[in-house]
J.: 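There's a structure below that I have some questions on.
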Amino acid sequence: MKIEIRAKKKFGQHFLVDIEIAEKIANSLSYSNYDRILEVGPGTGVLTQFLMKKSAELHAIELDNESIPVLQSKFPEISNRLYNEDLLKWNEPQIFKENKFALIGNYPYNISTQILFWMLSRRSQIPEMVGMFQKEVGVRISSEPGNKNYGITSVLTQAYYDVEYLFSVGPESFNPPPRVQSGVIRLKKKSTEPKIEYDILKLIVKTAFNQRRKTLRNALKSLNFVTNKVLDTVSGQRAEQLSVDQFISLSQSFKNVI
Ligand code: SAH
């Protein structure tokens, strides 16, 4: 029996139709250092069919309740590991709070940056991530300093993960075709975390890039930074000129006057 699902715009649905690409995405995880994988937005299960064959235990979260019976009939083995929820509002089962897992998916592009932030706030549980993003977003995450694509997502992700842009995928590989190019990236957690509170790093990076044309002295004014050596050294520069390590040092030096 073939069950058709009509793609819904509100869920950012663009189903992958190129099986080779689906397999290539599934093969991009290393499957080492964790026993579980979480697929976000399996849809009709194009990627799921390959992830099922891997040794790690597959879990999948899908918002669209029309997809659920389709997935259950195609993959009865994972019926009790299929969650009909919104990832961003999900109170994940304890196993995901205590154990390591890899994140994978052909993500809904309307929330792909939020998925990235979801991952960053759970980074101690997530040693690896492979995902299809809108190409522009994938390029931004993997960008280096000095480049106009270098921004908030680049710095915050690269502070904790080594990022690789793997390959691009054209609209013809999807049904319906998206209006944009897509790109697959892989993130591997760095062996050591920088000694900095994530929320402080996030605050500084966001504030710096929100006024990216200004020098840091002006862009960071609203934070009432207590002047210090690190700040003095970089204050004449703009956010996009600073390396990830410099953002980390700047955040470590952060004290403010209230
Ligand atoms: N992996 C499938 C579908 C990709 S489209 C394929 O490659 O063909 C993105 C999928 O994410 C859709 O199935 C959509 O319903 C689902 N989705 C959208 N928002 C979601 C959310 N907040 N949480 C979980 N899944 C979501």
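Just follow the structure's listing: the first ligand is 1, and inside any ligand the first atom is 1. Because the structure is predicted, anything quoted here is derived from the model rather than measured.
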J.: Which protein residues come within less than 4.0 angstrom of ligand 1, counting heavy atoms only?
T.: Phe11, Gly12, Gln13, His14, Phe15, Leu16, Glu39, Gly41, Pro42, Gly43, Val46, Ile61, Glu62, Leu63, Asp64, Glu85, Asp86, Leu87, Asn106, Pro108, Ile111
J.: In chain order, what residues pass the side-chain hydrogen bond (donor to acceptor under 3.5 Å, both in side chains) check against Lys206, with sequence neighbours excluded?
T.: none
J.: If only side-chain N and O atoms count, and only distance matters, is there a donor-acceptor pair under 3.5 Å linking Gln13 with Asp64?
T.: yes
J.: Can you list every salt bridge (charged side-chain N to carboxylate O under 4.0 Å, His left out) pair that touches residues 90-113, not counting sequence neighbours?
T.: Glu92-Arg122
J.: With no hydrogens and no angle check, do the side chains of Glu128 and Ser30 hold a donor and an acceptor under 3.5 Å apart?
T.: yes
J.: Say whether Asn27 and Lys54, considering side chains only, have a donor N or O and an acceptor N or O under 3.5 Å apart.
T.: yes
J.: Report the residues that fulfil ring-ring contact (aromatic ring centres under 6.0 Å, His included) with Phe96, sequence neighbours left out, ordered by chain and then residue number.
T.: His59, Trp90, Phe101
